[in-house]
Protein chains: 2
Amino acid sequence: MSESEHPARRYHHGDLRRALVDAARRLLEKEGPTALSLRAVAREAGVSAAAPYHHFKDKAELLAAVGEQGWELLDRRLDEAAAAHGSAHERMTETGAVYVTFALKNPALYRVMFDAMRESEGNPDRLTDKDHRFERLRRMLVEGGANPDDLMGLELGAMAAWCASHGLAEMIAFKRFDSMREALGGEDALMRAVLDQLTIYAHRPGGPSPSDG
Amino acid sequence: MSESEHPARRYHHGDLRRALVDAARRLLEKEGPTALSLRAVAREAGVSAAAPYHHFKDKAELLAAVGEQGWELLDRRLDEAAAAHGSAHERMTETGAVYVTFALKNPALYRVMFDAMRESEGNPDRLTDKDHRFERLRRMLVEGGANPDDLMGLELGAMAAWCASHGLAEMIAFKRFDSMREALGGEDALMRAVLDQLTIYAHRPGGPSPSDG
DNA sequence: GATGAATCTTTACGGCGTCAGGATGCAGTT
DNA sequence: AACTGCATCCTGACGCCGTAAAGATTCATC
(Lines give C-alpha, C1' and ligand atoms only; values in the text may rest on other atoms or scores of the structure.)
Protein backbone atom coordinates (compact mmCIF):
# COMPACT_ATOMS: atom_id res chain seq x y z
CA MET A 1 0.00 0.00 0.00
CA SER A 2 2.49 2.62 1.13
CA GLU A 3 5.64 0.85 -0.01
CA SER A 4 5.23 1.60 -3.69
CA GLU A 5 5.94 5.23 -4.42
CA HIS A 6 4.28 4.97 -7.80
CA PRO A 7 0.60 4.50 -7.07
CA ALA A 8 0.00 2.86 -10.41
CA ARG A 9 2.99 0.46 -10.25
CA ARG A 10 1.24 -2.85 -9.68
CA TYR A 11 -0.01 -5.82 -11.63
CA HIS A 12 2.38 -8.09 -13.45
CA HIS A 13 4.43 -5.74 -15.48
CA GLY A 14 3.85 -2.52 -13.66
CA ASP A 15 1.77 0.23 -15.18
CA LEU A 16 1.95 -1.15 -18.68
CA ARG A 17 -0.58 1.31 -20.02
CA ARG A 18 1.63 4.26 -19.21
CA ALA A 19 4.72 2.36 -20.27
CA LEU A 20 3.18 1.78 -23.69
CA VAL A 21 2.25 5.42 -24.17
CA ASP A 22 5.77 6.45 -23.16
CA ALA A 23 7.30 3.88 -25.49
CA ALA A 24 5.14 5.14 -28.33
CA ARG A 25 6.26 8.73 -27.73
CA ARG A 26 9.87 7.62 -27.60
CA LEU A 27 9.50 5.84 -30.93
CA LEU A 28 7.73 8.82 -32.47
CA GLU A 29 10.62 11.12 -31.63
CA LYS A 30 13.31 8.66 -32.54
CA GLU A 31 12.08 6.86 -35.64
CA GLY A 32 9.31 9.00 -37.06
CA PRO A 33 5.66 8.22 -37.58
CA THR A 34 6.09 5.41 -40.12
CA ALA A 35 8.02 3.29 -37.61
CA LEU A 36 5.25 3.52 -35.05
CA SER A 37 3.70 0.07 -35.23
CA LEU A 38 1.84 -1.50 -32.37
CA ARG A 39 4.30 -4.36 -32.42
CA ALA A 40 7.24 -1.97 -32.26
CA VAL A 41 5.69 -0.19 -29.30
CA ALA A 42 5.20 -3.49 -27.51
CA ARG A 43 8.78 -4.46 -28.34
CA GLU A 44 10.05 -1.13 -27.01
CA ALA A 45 8.08 -1.66 -23.80
CA GLY A 46 9.40 -5.23 -23.51
CA VAL A 47 6.14 -7.10 -23.82
CA SER A 48 4.54 -9.36 -26.40
CA ALA A 49 2.71 -8.05 -29.43
CA ALA A 50 -0.70 -8.89 -28.02
CA ALA A 51 -0.16 -7.39 -24.56
CA PRO A 52 -1.37 -3.89 -25.50
CA TYR A 53 -4.83 -5.28 -26.18
CA HIS A 54 -5.48 -5.57 -22.45
CA HIS A 55 -5.16 -1.81 -22.15
CA PHE A 56 -6.30 -0.44 -25.51
CA LYS A 57 -9.10 -1.55 -27.79
CA ASP A 58 -6.87 -1.20 -30.83
CA LYS A 59 -3.97 0.79 -32.24
CA ALA A 60 -6.09 3.89 -32.73
CA GLU A 61 -6.93 3.97 -29.03
CA LEU A 62 -3.24 3.83 -28.12
CA LEU A 63 -2.55 6.66 -30.54
CA ALA A 64 -5.40 8.62 -28.97
CA ALA A 65 -3.82 8.19 -25.55
CA VAL A 66 -0.48 9.38 -26.91
CA GLY A 67 -2.15 12.42 -28.43
CA GLU A 68 -3.98 13.14 -25.21
CA GLN A 69 -0.75 13.13 -23.25
CA GLY A 70 0.78 15.43 -25.82
CA TRP A 71 -2.07 17.90 -25.40
CA GLU A 72 -1.64 17.85 -21.64
CA LEU A 73 1.95 18.93 -22.08
CA LEU A 74 1.25 21.54 -24.74
CA ASP A 75 -1.75 22.96 -22.86
CA ARG A 76 0.43 23.52 -19.82
CA ARG A 77 2.96 25.49 -21.90
CA LEU A 78 0.23 27.48 -23.60
CA ASP A 79 -1.30 28.40 -20.25
CA GLU A 80 2.06 29.70 -19.11
CA ALA A 81 2.59 31.75 -22.26
CA ALA A 82 -0.92 33.17 -22.07
CA ALA A 83 -0.30 34.34 -18.51
CA ALA A 84 3.13 35.86 -19.14
CA HIS A 85 4.11 39.50 -18.88
CA GLY A 86 3.85 41.96 -21.72
CA SER A 87 1.12 43.51 -23.82
CA ALA A 88 -1.88 41.55 -24.95
CA HIS A 89 -0.52 41.48 -28.46
CA GLU A 90 2.83 40.21 -27.30
CA ARG A 91 1.17 37.45 -25.29
CA MET A 92 -0.93 36.49 -28.28
CA THR A 93 2.09 36.26 -30.56
CA GLU A 94 4.14 34.48 -27.92
CA THR A 95 1.44 31.92 -27.26
CA GLY A 96 1.17 31.27 -30.98
CA ALA A 97 4.93 30.90 -31.12
CA VAL A 98 4.83 28.32 -28.33
CA TYR A 99 2.19 26.36 -30.22
CA VAL A 100 4.02 26.43 -33.52
CA THR A 101 7.39 25.70 -31.96
CA PHE A 102 5.99 22.66 -30.21
CA ALA A 103 4.56 21.39 -33.48
CA LEU A 104 7.85 22.01 -35.27
CA LYS A 105 9.94 20.26 -32.67
CA ASN A 106 7.59 17.28 -32.40
CA PRO A 107 6.05 17.03 -35.85
CA ALA A 108 5.10 13.38 -35.61
CA LEU A 109 3.64 13.77 -32.13
CA TYR A 110 1.74 16.87 -33.21
CA ARG A 111 0.17 14.99 -36.12
CA VAL A 112 -0.95 12.26 -33.74
CA MET A 113 -2.33 14.92 -31.39
CA PHE A 114 -4.31 16.69 -34.08
CA ASP A 115 -5.68 13.47 -35.51
CA ALA A 116 -6.62 12.26 -32.04
CA MET A 117 -8.51 15.50 -31.40
CA ARG A 118 -10.25 15.22 -34.75
CA GLU A 119 -11.28 11.64 -34.13
CA SER A 120 -12.51 12.34 -30.62
CA GLU A 121 -15.20 14.58 -32.09
CA GLY A 122 -18.35 14.07 -30.08
CA ASN A 123 -16.53 12.58 -27.10
CA PRO A 124 -17.77 14.65 -24.11
CA ASP A 125 -14.58 14.17 -22.09
CA ARG A 126 -12.30 15.48 -24.78
CA LEU A 127 -14.74 18.24 -25.66
CA THR A 128 -13.92 19.85 -22.33
CA ASP A 129 -10.25 20.01 -23.20
CA LYS A 130 -10.99 21.59 -26.53
CA ASP A 131 -13.32 24.11 -24.89
CA HIS A 132 -10.53 25.07 -22.55
CA ARG A 133 -8.31 25.82 -25.50
CA PHE A 134 -10.96 28.02 -27.07
CA GLU A 135 -11.64 29.75 -23.79
CA ARG A 136 -7.96 30.67 -23.52
CA LEU A 137 -8.03 32.12 -27.01
CA ARG A 138 -11.20 34.12 -26.36
CA ARG A 139 -9.74 35.51 -23.16
CA MET A 140 -6.64 36.69 -25.01
CA LEU A 141 -8.73 38.29 -27.72
CA VAL A 142 -10.72 40.24 -25.10
CA GLU A 143 -7.52 41.29 -23.38
CA GLY A 144 -6.36 42.51 -26.76
CA GLY A 145 -9.36 44.78 -27.07
CA ALA A 146 -11.98 42.63 -28.74
CA ASN A 147 -15.59 43.26 -27.80
CA PRO A 148 -16.48 40.75 -25.04
CA ASP A 149 -20.16 40.87 -25.97
CA ASP A 150 -19.61 39.91 -29.59
CA LEU A 151 -19.71 36.21 -28.93
CA MET A 152 -19.77 35.28 -32.58
CA GLY A 153 -16.84 37.54 -33.28
CA LEU A 154 -14.85 36.04 -30.43
CA GLU A 155 -15.56 32.54 -31.61
CA LEU A 156 -14.57 33.37 -35.16
CA GLY A 157 -11.45 35.13 -33.97
CA ALA A 158 -10.43 32.21 -31.80
CA MET A 159 -11.03 29.80 -34.61
CA ALA A 160 -9.03 31.99 -36.98
CA ALA A 161 -6.12 32.16 -34.58
CA TRP A 162 -6.05 28.42 -34.12
CA CYS A 163 -6.38 27.80 -37.86
CA ALA A 164 -3.49 30.15 -38.50
CA SER A 165 -1.25 28.51 -35.91
CA HIS A 166 -2.02 25.04 -37.12
CA GLY A 167 -1.50 25.99 -40.74
CA LEU A 168 1.73 27.78 -39.94
CA ALA A 169 3.02 24.77 -38.06
CA GLU A 170 2.47 22.57 -41.09
CA MET A 171 3.80 25.05 -43.64
CA ILE A 172 6.88 26.52 -42.07
CA ALA A 173 9.10 23.55 -42.77
CA PHE A 174 8.95 24.28 -46.51
CA LYS A 175 12.31 24.85 -48.08
CA ARG A 176 10.86 27.68 -50.08
CA PHE A 177 11.11 29.95 -47.05
CA ASP A 178 14.81 29.39 -46.55
CA SER A 179 15.79 32.82 -47.85
CA MET A 180 13.16 34.53 -45.73
CA ARG A 181 14.15 32.50 -42.73
CA GLU A 182 17.71 33.64 -43.26
CA ALA A 183 16.80 37.28 -43.83
CA LEU A 184 14.74 37.37 -40.66
CA GLY A 185 17.32 35.51 -38.60
CA GLY A 186 15.97 32.06 -37.97
CA GLU A 187 12.86 29.99 -37.78
CA ASP A 188 11.62 31.69 -34.67
CA ALA A 189 11.67 35.13 -36.27
CA LEU A 190 9.97 33.89 -39.41
CA MET A 191 7.28 32.33 -37.30
CA ARG A 192 6.63 35.51 -35.35
CA ALA A 193 6.56 37.57 -38.54
CA VAL A 194 3.83 35.42 -40.02
CA LEU A 195 1.96 35.33 -36.73
CA ASP A 196 2.05 39.11 -36.68
CA GLN A 197 0.36 39.14 -40.04
CA LEU A 198 -2.28 36.77 -38.80
CA THR A 199 -2.99 38.15 -35.35
CA ILE A 200 -3.33 41.67 -36.65
CA TYR A 201 -7.02 41.55 -35.83
CA ALA A 202 -6.20 41.03 -32.19
CA HIS A 203 -4.76 44.47 -31.54
CA ARG A 204 -6.75 46.29 -34.17
CA PRO A 205 -10.30 45.10 -33.49
CA GLY A 206 -12.26 48.19 -34.46
CA GLY A 207 -9.41 49.98 -36.07
CA PRO A 208 -8.71 52.66 -33.43
CA SER A 209 -4.94 52.89 -33.76
CA PRO A 210 -3.94 52.15 -37.34
CA SER A 211 -0.20 52.24 -36.88
CA ASP A 212 1.46 52.08 -33.49
CA GLY A 213 3.62 48.98 -33.72
CA MET B 1 -0.51 4.22 -84.94
CA SER B 2 -3.48 6.36 -85.85
CA GLU B 3 -6.14 3.89 -84.77
CA SER B 4 -5.77 4.49 -81.04
CA GLU B 5 -7.31 7.79 -80.07
CA HIS B 6 -5.54 7.79 -76.72
CA PRO B 7 -1.89 8.46 -77.50
CA ALA B 8 -0.78 6.73 -74.32
CA ARG B 9 -2.99 3.64 -74.77
CA ARG B 10 -0.42 1.06 -75.71
CA TYR B 11 1.64 -1.70 -74.14
CA HIS B 12 -0.03 -4.65 -72.51
CA HIS B 13 -2.63 -3.17 -70.30
CA GLY B 14 -3.00 0.26 -71.73
CA ASP B 15 -1.80 3.30 -69.85
CA LEU B 16 -1.50 1.49 -66.56
CA ARG B 17 0.22 4.38 -64.89
CA ARG B 18 -2.75 6.65 -65.34
CA ALA B 19 -5.14 3.81 -64.57
CA LEU B 20 -3.40 3.27 -61.23
CA VAL B 21 -3.56 6.93 -60.28
CA ASP B 22 -7.25 7.02 -61.18
CA ALA B 23 -7.91 3.83 -59.22
CA ALA B 24 -6.13 5.31 -56.23
CA ARG B 25 -8.25 8.45 -56.37
CA ARG B 26 -11.40 6.37 -56.68
CA LEU B 27 -10.44 4.37 -53.60
CA LEU B 28 -9.56 7.51 -51.67
CA GLU B 29 -13.01 8.98 -52.25
CA LYS B 30 -14.86 5.73 -51.69
CA GLU B 31 -13.08 4.03 -48.82
CA GLY B 32 -11.01 6.65 -47.11
CA PRO B 33 -7.26 6.91 -46.67
CA THR B 34 -6.80 3.80 -44.50
CA ALA B 35 -8.09 1.55 -47.29
CA LEU B 36 -5.58 2.88 -49.76
CA SER B 37 -3.09 0.04 -50.01
CA LEU B 38 -0.94 -0.54 -53.03
CA ARG B 39 -2.47 -3.98 -53.39
CA ALA B 40 -5.98 -2.55 -53.28
CA VAL B 41 -5.08 -0.03 -55.97
CA ALA B 42 -3.71 -2.81 -58.17
CA ARG B 43 -6.84 -4.86 -57.50
CA GLU B 44 -9.05 -1.92 -58.41
CA ALA B 45 -7.10 -1.45 -61.63
CA GLY B 46 -7.33 -5.17 -62.41
CA VAL B 47 -3.65 -6.04 -62.30
CA SER B 48 -1.42 -8.06 -60.02
CA ALA B 49 0.04 -6.68 -56.82
CA ALA B 50 3.50 -6.29 -58.28
CA ALA B 51 2.47 -4.59 -61.50
CA PRO B 52 2.62 -1.02 -60.12
CA TYR B 53 6.35 -1.42 -59.57
CA HIS B 54 6.96 -1.03 -63.30
CA HIS B 55 5.56 2.50 -63.12
CA PHE B 56 6.35 3.68 -59.59
CA LYS B 57 9.39 3.14 -57.44
CA ASP B 58 7.25 2.45 -54.40
CA LYS B 59 3.94 3.32 -52.79
CA ALA B 60 5.09 6.81 -51.87
CA GLU B 61 5.77 7.60 -55.51
CA LEU B 62 2.26 6.51 -56.50
CA LEU B 63 0.84 8.70 -53.74
CA ALA B 64 2.95 11.58 -54.99
CA ALA B 65 1.49 11.16 -58.47
CA VAL B 66 -2.01 11.14 -57.02
CA GLY B 67 -1.26 14.30 -55.09
CA GLU B 68 0.23 15.94 -58.16
CA GLN B 69 -2.92 15.24 -60.17
CA GLY B 70 -4.99 16.66 -57.33
CA TRP B 71 -2.97 19.88 -57.38
CA GLU B 72 -3.45 20.20 -61.13
CA LEU B 73 -7.19 20.14 -60.61
CA LEU B 74 -7.20 22.47 -57.62
CA ASP B 75 -4.78 24.92 -59.25
CA ARG B 76 -7.10 25.23 -62.22
CA ARG B 77 -10.03 26.10 -59.95
CA LEU B 78 -7.94 28.55 -57.96
CA ASP B 79 -6.80 30.29 -61.14
CA GLU B 80 -10.43 30.72 -62.14
CA ALA B 81 -11.45 32.10 -58.75
CA ALA B 82 -8.50 34.48 -58.70
CA ALA B 83 -9.49 35.87 -62.10
CA ALA B 84 -13.21 36.24 -61.34
CA HIS B 85 -15.19 39.48 -61.12
CA GLY B 86 -15.58 41.51 -57.96
CA SER B 87 -13.35 43.48 -55.66
CA ALA B 88 -9.88 42.33 -54.76
CA HIS B 89 -11.09 41.43 -51.30
CA GLU B 90 -13.97 39.40 -52.69
CA ARG B 91 -11.65 37.53 -55.01
CA MET B 92 -9.30 36.82 -52.11
CA THR B 93 -12.07 35.43 -49.94
CA GLU B 94 -13.59 33.52 -52.83
CA THR B 95 -10.28 31.94 -53.76
CA GLY B 96 -9.77 30.90 -50.17
CA ALA B 97 -13.27 29.47 -50.14
CA VAL B 98 -12.50 27.41 -53.24
CA TYR B 99 -9.36 26.07 -51.57
CA VAL B 100 -11.07 25.18 -48.32
CA THR B 101 -14.12 23.72 -50.03
CA PHE B 102 -11.95 21.46 -52.11
CA ALA B 103 -10.14 20.23 -49.02
CA LEU B 104 -13.44 19.65 -47.20
CA LYS B 105 -15.00 17.73 -50.06
CA ASN B 106 -11.90 15.61 -50.67
CA PRO B 107 -10.26 15.37 -47.25
CA ALA B 108 -8.32 12.22 -47.95
CA LEU B 109 -7.10 13.45 -51.32
CA TYR B 110 -6.14 16.80 -49.83
CA ARG B 111 -4.04 15.09 -47.17
CA VAL B 112 -2.23 13.15 -49.86
CA MET B 113 -1.71 16.34 -51.82
CA PHE B 114 -0.29 18.25 -48.90
CA ASP B 115 1.99 15.40 -47.88
CA ALA B 116 3.16 14.99 -51.47
CA MET B 117 4.02 18.68 -51.63
CA ARG B 118 5.84 18.48 -48.33
CA GLU B 119 7.85 15.46 -49.39
CA SER B 120 8.73 16.92 -52.77
CA GLU B 121 10.71 19.64 -50.99
CA GLY B 122 13.83 20.29 -53.00
CA ASN B 123 12.46 18.75 -56.18
CA PRO B 124 12.98 21.46 -58.84
CA ASP B 125 10.00 20.34 -60.96
CA ARG B 126 7.49 20.61 -58.17
CA LEU B 127 9.07 23.79 -56.88
CA THR B 128 7.76 25.52 -59.98
CA ASP B 129 4.20 24.52 -59.16
CA LYS B 130 4.52 25.81 -55.63
CA ASP B 131 6.02 29.07 -56.89
CA HIS B 132 3.02 29.49 -59.14
CA ARG B 133 0.75 29.18 -56.13
CA PHE B 134 2.69 31.82 -54.25
CA GLU B 135 2.78 34.09 -57.28
CA ARG B 136 -1.01 33.94 -57.49
CA LEU B 137 -1.28 34.88 -53.84
CA ARG B 138 1.17 37.77 -54.16
CA ARG B 139 -0.71 39.10 -57.18
CA MET B 140 -3.96 39.08 -55.24
CA LEU B 141 -2.35 40.85 -52.32
CA VAL B 142 -1.07 43.60 -54.61
CA GLU B 143 -4.46 43.91 -56.24
CA GLY B 144 -5.86 44.30 -52.74
CA GLY B 145 -3.63 47.27 -52.08
CA ALA B 146 -0.47 45.76 -50.67
CA ASN B 147 2.80 47.51 -51.47
CA PRO B 148 4.31 45.74 -54.52
CA ASP B 149 7.82 46.80 -53.52
CA ASP B 150 7.64 45.28 -50.06
CA LEU B 151 8.82 41.86 -51.20
CA MET B 152 9.19 40.52 -47.71
CA GLY B 153 5.72 41.74 -46.77
CA LEU B 154 4.22 40.12 -49.83
CA GLU B 155 5.92 36.85 -49.09
CA LEU B 156 4.81 36.89 -45.49
CA GLY B 157 1.29 37.83 -46.49
CA ALA B 158 1.09 35.05 -49.04
CA MET B 159 2.42 32.59 -46.54
CA ALA B 160 -0.06 33.77 -43.94
CA ALA B 161 -2.97 33.40 -46.36
CA TRP B 162 -1.97 29.89 -47.30
CA CYS B 163 -1.41 28.91 -43.67
CA ALA B 164 -4.82 30.22 -42.78
CA SER B 165 -6.57 28.37 -45.59
CA HIS B 166 -4.81 25.14 -44.82
CA GLY B 167 -5.53 25.42 -41.12
CA LEU B 168 -9.14 26.30 -41.75
CA ALA B 169 -9.56 23.31 -44.03
CA GLU B 170 -8.33 21.00 -41.29
CA MET B 171 -10.26 22.65 -38.47
CA ILE B 172 -13.68 23.38 -39.91
CA ALA B 173 -14.94 19.82 -39.63
CA PHE B 174 -14.93 20.08 -35.83
CA LYS B 175 -18.29 19.46 -34.25
CA ARG B 176 -17.68 22.31 -31.89
CA PHE B 177 -18.63 24.78 -34.61
CA ASP B 178 -22.03 23.25 -35.25
CA SER B 179 -23.90 26.06 -33.54
CA MET B 180 -21.92 28.71 -35.36
CA ARG B 181 -22.33 26.89 -38.62
CA GLU B 182 -26.06 26.90 -38.01
CA ALA B 183 -26.21 30.53 -36.95
CA LEU B 184 -24.33 31.60 -40.06
CA GLY B 185 -26.31 29.36 -42.37
CA GLY B 186 -24.04 26.54 -43.42
CA GLU B 187 -20.47 25.49 -43.80
CA ASP B 188 -19.82 27.86 -46.64
CA ALA B 189 -20.84 30.91 -44.63
CA LEU B 190 -18.78 29.81 -41.64
CA MET B 191 -15.79 29.36 -43.88
CA ARG B 192 -16.13 32.81 -45.41
CA ALA B 193 -16.59 34.39 -41.99
CA VAL B 194 -13.32 32.95 -40.75
CA LEU B 195 -11.56 33.82 -43.99
CA ASP B 196 -12.75 37.40 -43.56
CA GLN B 197 -11.07 37.46 -40.18
CA LEU B 198 -7.89 36.16 -41.72
CA THR B 199 -7.69 38.16 -44.92
CA ILE B 200 -8.31 41.40 -43.11
CA TYR B 201 -4.74 42.39 -43.87
CA ALA B 202 -5.50 42.15 -47.56
CA HIS B 203 -7.81 45.14 -47.78
CA ARG B 204 -6.35 47.05 -44.87
CA PRO B 205 -2.62 46.99 -45.63
CA GLY B 206 -1.58 50.23 -43.97
CA GLY B 207 -4.75 50.72 -42.03
CA PRO B 208 -6.22 53.62 -44.05
CA SER B 209 -9.89 52.70 -43.83
CA PRO B 210 -10.61 51.25 -40.41
CA SER B 211 -14.26 50.33 -40.89
CA ASP B 212 -15.83 50.15 -44.29
CA GLY B 213 -16.97 46.58 -44.59
C1' DG C 1 9.82 -14.30 -88.34
C1' DA C 2 13.59 -13.47 -84.82
C1' DT C 3 15.36 -10.56 -81.08
C1' DG C 4 15.47 -7.68 -77.23
C1' DA C 5 13.17 -4.84 -74.12
C1' DA C 6 9.19 -3.51 -71.71
C1' DT C 7 5.32 -5.14 -69.25
C1' DC C 8 2.81 -8.20 -66.37
C1' DT C 9 2.23 -12.59 -63.24
C1' DT C 10 3.61 -15.85 -59.92
C1' DT C 11 5.69 -16.85 -55.87
C1' DA C 12 7.87 -15.73 -51.72
C1' DC C 13 9.58 -13.12 -47.49
C1' DG C 14 9.12 -10.52 -43.40
C1' DG C 15 6.24 -7.24 -40.87
C1' DC C 16 1.85 -5.65 -39.64
C1' DG C 17 -2.94 -5.53 -36.74
C1' DT C 18 -5.69 -8.58 -34.48
C1' DC C 19 -7.78 -12.67 -32.28
C1' DA C 20 -8.24 -17.29 -29.68
C1' DG C 21 -6.47 -20.10 -26.20
C1' DG C 22 -3.37 -21.21 -22.70
C1' DA C 23 -0.14 -19.82 -18.93
C1' DT C 24 0.92 -16.81 -14.90
C1' DG C 25 0.46 -14.24 -10.91
C1' DC C 26 -2.34 -11.08 -8.05
C1' DA C 27 -6.56 -10.13 -4.45
C1' DG C 28 -9.72 -11.69 -1.49
C1' DT C 29 -12.15 -15.67 0.83
C1' DT C 30 -12.24 -19.38 3.80
C1' DA D 1 -2.20 -21.50 4.10
C1' DA D 2 -4.67 -23.24 0.37
C1' DC D 3 -8.33 -22.12 -2.92
C1' DT D 4 -10.65 -19.44 -6.26
C1' DG D 5 -11.48 -15.92 -9.63
C1' DC D 6 -9.83 -12.69 -12.50
C1' DA D 7 -6.72 -9.42 -14.54
C1' DT D 8 -2.63 -9.78 -17.02
C1' DC D 9 0.53 -11.58 -20.21
C1' DC D 10 2.41 -15.04 -23.87
C1' DT D 11 2.17 -18.21 -27.85
C1' DG D 12 0.56 -19.18 -32.16
C1' DA D 13 -2.16 -18.24 -35.99
C1' DC D 14 -4.79 -15.64 -39.73
C1' DG D 15 -5.08 -12.51 -43.47
C1' DC D 16 -3.30 -8.30 -45.31
C1' DC D 17 0.45 -5.36 -46.35
C1' DG D 18 4.90 -3.56 -49.12
C1' DT D 19 8.37 -5.30 -51.79
C1' DA D 20 11.67 -8.28 -54.44
C1' DA D 21 13.16 -12.18 -57.65
C1' DA D 22 12.19 -14.94 -61.51
C1' DG D 23 9.50 -16.55 -65.17
C1' DA D 24 5.93 -15.58 -68.80
C1' DT D 25 3.90 -12.60 -72.26
C1' DT D 26 3.63 -9.09 -75.70
C1' DC D 27 5.24 -5.06 -78.04
C1' DA D 28 8.68 -2.49 -81.19
C1' DT D 29 12.22 -3.22 -84.48
C1' DC D 30 14.92 -5.34 -87.71
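Bear in mind the structure is a predicted one, so any value in this text is a computation, not a measurement. Below, chain A is the first sequence line, B the second, and so on; all start at residue 1.
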Quiz item: Where is the tightest heavy-atom contact between A:Leu154 and A:Ala146, given as atom of each residue plus distance?
Solution: CD2-CB, 3.9 Å

Practice problem: Take atom NE2 of A:His54 and atom C1' of C:dT18, then tell me their distance rounded to the nearest Å. | Solution: 12 Å

Quiz item: Between C:dT11 atom C1' and B:Tyr53 atom OH, what is the distance in whole Å?
Solution: 15 Å

Quiz item: Do you know the tightest heavy-atom contact between A:Glu121 and B:Arg176?
Solution: OE1-N, 3.9 Å

Practice problem: Hey, can you tell me if B:Phe114 and B:Tyr110 have their rings parallel, tilted or perpendicular (30° and 60° cut-offs)? | Solution: tilted

Self-check item: Atom of B:His55, atom of B:Glu61 and distance for their closest heavy-atom approach
Solution: O-OE2, 4.2 Å

Practice problem: Please state how far atom CG in A:Asp15 lies from atom C1' in D:dC9, giving the value in whole angstrom units. | Solution: 15 Å

Quiz item: Is any side-chain N or O of B:His55 closer than 4.0 Å to OP1 or OP2 of C:dC8?
Solution: yes

Exercise. Find which nucleotide of DNA chain C each of A:Ala49 and B:Ala51 is nearest to by heavy atoms, and output the residue with the more 5' nucleotide.
Key: B:Ala51

Exercise. On the 0 to 90° scale, with breaks at 30° and 60°, tag the B:Tyr99-B:Trp71 ring pair as parallel, tilted or perpendicular.
Key: tilted

Practice problem: Calculate the interatomic distance between A:Leu62 atom CG and C:dG17 atom C1'; express it in whole Å. | Solution: 12 Å

What N/O pairs connect the protein and nucleotides 12-16 of chain C at under 3.5 Å? Give each pair on its own line.
from, atom 1, to, atom 2, distance (Å)
C:dC16, OP1, A:Ser37, OG, 3.0
C:dC16, OP2, A:Arg43, NH2, 2.6

Quiz item: Given atom CZ of B:Phe56 and atom C1' of D:dT19, what is their separation to the nearest angstrom?
Solution: 16 Å

Quiz item: Shortest non-hydrogen contact from B:Leu36 to B:Ala24?
Solution: CD1-O, 3.5 Å

Self-check item: Length of the line joining A:Leu16:CG and C:dG25:P, which is rounded to integer Å
Solution: 16 Å

